[in-house]
Amino acid sequence: MPDFPALSEQVVLITGASTGIGAALAQVLAQRFLGIRLVLAARNSEKLEAVATYCSKAGAEVLVVPTDMSKVEQVEALASIALEGFGRVDALVNNAGYGQMGPIELVPAEAARRQFEVNVLGPLALSRALIPVMRNSGGGRIINISSIGGRVAFPFGGLYSASKFALESLSDALRMELEPFNIKVSLIEPGPVSTDFFDVAAQGVEQAVTNPENTPYRAAFENLKGLQDKTSSRAWTSERVAEVIVRSLTDTNPKPRYTAATGGKILLFLMTKVLPTKVVDRFWQRFYGIDLVAKDWQEKVVGNK
């Protein structure tokens, strides 16, 4: 197999590049790898242009492609435009994604469908479109941004975790299937990140669940409002996560998984290999306020007798 070109000579496509981890990654790459070519995709054109302007001033050649990752036709068009603009894509960073929060029984089918469209089907369509090009170019890299929630599920995050579990399994299969073609596949698993993740999740709850305060889960919904404060002390900045992604793009032999969370490896080891399932369940139930739901529900049942 031919040697992989230096990152400064590559074309890197980043989805979800208008804010958060995607924007931070684009800026770090532009600053550090003079001459790199970036394809930046996201829904918000205005924010995307701002990131592109910053990267261009830093010395990168930038192509902006507004894209809704829930629309497969737009995702396929993104791949075509990137190839028309630069002739190749050496590295794909599937970063676009969001968290649909809420109890599984109350999240409407349409909201569940969109969760998988953005977090799974969009990255899958983009990978499928670019794999033949990478193969014909002698290799490439696909970096999928997952989550600690892609290894461990938690209350109110069932759909989000399900989508990330799916992305993890796709990555594992692709890693094995694409190795003969020098296409390396890695997962990045962030923990809490100092972005607007929980604000977006809260908006998703409001849009998906009608009158959450009138549901049996009202106590947990109230608890959800304080999650940002609970996790802020351990949250990483987007720039810190971006550094891990850069490592996955530059390592000669990239790892299958990079954990981007304080104590993340230990946490995953304990919760998946050591602690009994019931102990792990109780931890997440307390963290997400499900214990409050039990108390609230019991009081309501007793009160109705």
Side-chain angles (χ1 to χ4, degrees), residues 1-17 21-42 48 51-65 67 75-96 123-145 170-188 239 241-258 260:
M1 290 292 181
D3 292 335
F4 207 69
L7 194 52
S8 59
E9 301 171 4
Q10 293 182 29
V11 177
V12 181
L13 193 162
I14 306 169
T15 66
I21 295 170
L25 175 63
Q27 292 165 356
V28 168
L29 291 175
Q31 292 168 351
R32 197 169 300 170
F33 301 94
L34 185 63
I36 195 170
R37 289 166 288 174
L38 301 174
V39 182
L40 305 181
L48 201 55
V51 175
T53 298
Y54 179 98
C55 294
S56 296
K57 289 180 178 178
E61 189 175 350
V62 185
L63 177 61
V64 170
V65 188
T67 307
V75 174
E76 293 174 343
L78 164 61
S80 296
I81 294 169
L83 295 172
E84 289 171 6
F86 289 132
R88 59 189 291 158
V89 170
D90 300 291
L92 166 61
V93 181
N94 281 312
N95 169 70
L124 174 59
L126 193 51
S127 298
R128 290 179 61 189
L130 294 176
I131 285 168
V133 179
M134 290 182 179
R135 178 167 50 233
N136 292 336
S137 297
R141 299 202 182 191
I142 298 174
I143 312 298
N144 290 325
I145 310 304
L170 286 173
S171 298
D172 285 338
L174 281 172
R175 186 182 66 252
M176 293 181 280
E177 292 171 358
L178 300 180
E179 185 178 8
F181 312 117
N182 196 34
I183 301 174
K184 304 178 187 298
V185 182
S186 295
L187 284 154
I188 311 297
E239 290 74 18
V241 178
E243 292 291 346
V244 177
I245 301 173
V246 171
R247 198 187 318 152
S248 74
L249 289 168
T250 54
D251 281 350
T252 303
N253 295 302
K255 300 175 184 178
R257 285 172 170 79
Y258 292 79

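- Between Val11 and Ile36 there is no side-chain heavy-atom pair separated by less than 4.5 Å.
- Atoms CD and SG, from Gln31 and Cys55 in turn, are 8.0 Å apart once rounded to the nearest 0.5 Å.
- Looking at Ile131 and Leu174, their side chains come closer than 4.5 Å, going by heavy atoms from C-beta outward.
- Residues satisfying the salt bridge (charged side-chain N to carboxylate O under 4.0 Å, His left out) criterion with Arg247, sequence neighbours excluded, are absent altogether.
- Ala42 and Ala17 make their closest contact through CB-N, 3.9 Å (heavy atoms, listed as atom of the first residue, atom of the second, distance).
- For the pair Leu7/Leu29, a side-chain contact is recorded, criterion being any heavy-atom separation below 4.5 Å from C-beta on.
- The two atoms that bring Ser127 and Ile142 nearest to each other are OG-CG2, 4.1 Å, heavy atoms only.
- Listed by first and then second residue, the side-chain hydrogen bond (donor to acceptor under 3.5 Å, both in side chains) pairs involving residues 5-15 amount to none (not counting sequence neighbours).
- Nearest heavy-atom pair across Ala26 and Leu40 is CB-CD2, 3.8 Å.
- Of all the heavy atoms in Ala30 and Ala60, the pair that sits closest is CB-CB, 3.8 Å.
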Walk me through it: do Val133 and Val89 pass the test side-chain contact (heavy atoms from CB on, under 4.5 Å)? CA-CA 7 Å; Val133 179; Val89 170; 5.7 Å; no

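- Asn95 contributes a side-chain N or O that, together with a main-chain N or O of Gly16, makes up a donor-acceptor pair within less than 3.5 Å.
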CA sep, side-chain torsions, deciding dist, call: Ile143, Asn94, side-chain contact (heavy atoms from CB on, under 4.5 Å): CA-CA 6 Å; Ile143 312 298; Asn94 281 312; over 6 Å; no

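- The CD atom of Glu239 lies 10.5 Å from the CG atom of Leu25; values are rounded to the nearest 0.5 Å.
- Among residues at least two apart or in separate chains, side-chain hydrogen bond (donor to acceptor under 3.5 Å, both in side chains) pairs with a member in residues 78-92 are Arg88-Asp90.
- Considering only residues two or more places apart in sequence or on other chains, Arg175 meets the side chain to side chain donor-acceptor pair (under 3.5 Å) condition with Asp172.
- Leu187 is not listed as a side-chain neighbour of Pro256, based on a closest heavy-atom distance of 4.5 Å or more.
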Hey, mind stepping through Val93 and Ile188 against side-chain contact (heavy atoms from CB on, under 4.5 Å) and telling me if it holds? CA-CA 10 Å; Val93 181; Ile188 311 297; over 6 Å; no

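- At distances below 3.5 Å, at least one donor-acceptor pair connects side-chain atoms of Arg141 with backbone N or O atoms of Leu249.
- Scored by the side chain to side chain donor-acceptor pair (under 3.5 Å) test, Asp251 finds Tyr258 as partners (sequence neighbours excluded).
- Every side chain to side chain contact (heavy atoms under 4.5 Å, CB included) that Ala129 has, sequence neighbours left out, goes to Ala79.
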Begin from the C-alpha positions of Arg32 and Glu243 and carry the test side-chain contact (heavy atoms from CB on, under 4.5 Å) through to its verdict. CA-CA 11 Å; Arg32 197 169 300 170; Glu243 292 291 346; 2.7 Å; yes

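- Taking every heavy atom of both residues into account, Leu63 and Ala82 meet most closely at CD2-CA, 4.0 Å.
- Residues Leu126 and Leu92 are in side-chain contact: their nearest non-hydrogen atoms beyond the backbone lie under 4.5 Å apart.
- Taking 4.5 Å as the limit, some side-chain heavy atom of Thr250 sits within range of a side-chain heavy atom of Phe33.
- Each of Ile81, Thr67, Leu13 was scored for a side-chain contact (heavy atoms from CB on, under 4.5 Å) with Val39, with one residue passing: Leu13.
- For the pair Val185 and Ser171, the tightest heavy-atom approach, listed with the atom from each and the gap, is CG1-O, 3.7 Å.
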